[in-house]
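See structure below.
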Amino acid sequence: MTHTTTIAAKRGGLALAKKAAAAGAVALAVASLQPVSAAHAADARVIGGKPAAQNEFPFMVHLSMGCGGALYKKDIVLTAAHCMDGSGNNTRITVTAGVADLNSAGAIKVKSTKVKVAPGYDGVGKDWALIKLAKPIDRPTLKIATTTKYNRGTFTIAGWGDVREGAGTGTTKLQKADVPFVSDRACKWHYGNRLVPKQELCAGYASGGIDTCQGDSGGPMFRKDDAGKWIQVGIVSWGDGCARSGVPGVYTEVSTFAKDIAKAASTL
Ligand code: 4AZ
C-alpha cells in the first residue's frame, strides 16, 4: 500500500508539475502559495463526499498505482493518461473491481496486458488512456458521452483518493459526491489559459468543499442520461489543490474524445 501510494503521489505531482510548467513559473508560484481555507482543511471526506454503497457504481475500478478508472468494456478500462507510463504491452497494473471497500472479500483482481495512451498526449489536455485486461470482468460497463448534450447539470464523482488535500494516502472505502457543472468561462476565472476548453470540462462549487483529489485521477465523472442510465462525461484529470473555494476540478471532456476512444479500443 505504501509503495503504490508513493507512486501515485509522484504521478499526481508530475501531472501538476507539467501543467504548471506549461503555464509558466508565475502560475506555479501562485498555485503553490494558494492557501487551503481552515474550513476546508478540516473537512474529512473524494473530499466532502460520503461512502458509496457496495454495487452502487459497479463500473468503478481501482488501479494499483493509485488511480481510478471505469469499465468501458468488460476487458477495457478507461482512465487518465497521466496515470500511465505510456503505451504498449504492460502487465504491471492490477485492476480491482466489484467492491466499494478495497479490503472486503469479493474483490475481483485482474492484471493489465496493454495500455494505449491518447495519441499526441504531452501532459496538457488529451488526458485519457485505455487499459486492456488479461480477462474480462463480469461487471456492468459505463457508457461514455458521444455528444456534448450531457456536459451540463450535476455530475457524480467517485474514487478512493485523498479525503483531504495533501493527505497522500487515499482511502480504502469508495467515496462519492455530486458537483455542479462549471462553464469554461467561469473555470478560466481561476485557470486562465491553462484550461484547454475543448478538451476539458470543469465542475465544483464556487465555495469549494467538495471535489476530487489526488488518487481519484482517472476515475469517471458521470450523470444520468435522458433514459436514466449512468453516462460518463469526464475523467478526473487535475486541479490546483482540492476543494478550494473558487477553484473547480478539471476533467477530461469525454465527448470530445469519444470517437478516438472507440477507435483506440478497437485496436487493443
Ligand atoms: C491529482 O493530483 C488531482 N481537485 C486530481 C484531481 C484534482 C486535483 C488533483 C481536482 O491527481
Side-chain angles (χ1 to χ4, degrees), residues 4-23 27-28 30-32 34-37 40-41 43 45-49 60 62-70 79-85 121 123-125 127-129 155-171 174-182 186-187 190-191 194-196 199-222 233-254:
T4 54
T5 303
T6 304
I7 294 169
K10 279 184 189 153
R11 295 272 156 70
L14 179 61
L16 290 174
K18 278 184 188 164
K19 290 284 176 186
L28 176 61
V30 170
S32 58
Q34 186 166 349
V36 185
S37 84
H40 298 147
D43 278 345
R45 272 176 201 239
V46 130
I47 293 180
M60 281 290 312
H62 177 269
L63 307 181
S64 51
M65 82 293 292
C67 280
T79 186
H82 84 261
C83 292
M84 300 292 111
D85 279 335
Y121 174 71
V124 178
D127 194 8
W128 64 268
F155 307 129
T156 299
I157 49 177
W160 291 272
D162 288 351
V163 297
R164 60 182 175 80
E165 183 178 327
T169 58
T171 172
L174 182 64
Q175 299 288 307
K176 63 167 182 177
D178 288 344
V179 281
F181 168 82
V182 172
C187 199
H190 175 76
Y191 290 111
R194 287 188 291 155
L195 185 73
V196 186
Q199 301 185 15
E200 295 172 331
L201 181 61
C202 302
Y205 291 94
S207 56
I210 302 180
D211 198 6
T212 45
C213 199
Q214 188 180 320
D216 294 319
S217 281
M221 179 169 78
F222 47 98
V233 298
I235 300 168
V236 180
S237 183
W238 66 286
D240 284 339
C242 310
R244 299 177 184 181
S245 62
V247 185
V250 184
Y251 299 80
T252 308
E253 190 167 316
V254 165

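Whatever order the structure lists ligands and atoms in, that order sets their numbers, starting from 1.
Taking 4.5 Å as the limit, every side-chain heavy atom of Ile235 sits out of range of all side-chain heavy atoms of Tyr251. Looking at heavy atoms from C-beta onward, Thr79 lies in side-chain contact with Leu63 at the 4.5 angstrom threshold. With a 4.5 Å cut-off on side-chain heavy atoms, Val250 and His190 do not count as touching.
Between Gly239, Gly219, Cys213, it is Cys213 that holds the heavy atom closest to atom 5 (C) of ligand 1. For atom 8 (C) of ligand 1, the nearest non-hydrogen atom from the set Gly241, Pro248, Gly249 belongs to Gly241. In this comparison of His82, Arg244, Gln214, the heavy atom closest to atom 2 (O) of ligand 1 sits on Gln214.
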| side-chain contact (heavy atoms from CB on, under 4.5 Å) assessment of Asp85 paired with Met65 | CA-CA 10 Å; Asp85 279 335; Met65 82 293 292; over 6 Å; no
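Side-chain atoms of Asp211 do not come within 3.5 Å of backbone N or O of Gly204 as any donor-acceptor pair.
Put simply, NZ on Lys176 and CD1 on Ile210 are 12.0 Å apart, with the number rounded to the nearest 0.5 Å.
Taking distance alone, with nitrogen or oxygen atoms compared against 3.5 Å, Val250 stays at or beyond that limit from ligand 1. The distance criterion of under 3.5 Å between nitrogen or oxygen atoms is met by Asp211 with respect to ligand 1.
If you number the atoms of ligand 1 from 1 as listed, the ones under 4.0 Å from a heavy atom of Trp238 come out as 7 (C), 8 (C), 10 (C). Set against the non-hydrogen atoms of Ser217, the atoms of ligand 1 under 4.0 Å away are 1 (C), 5 (C), 11 (O).
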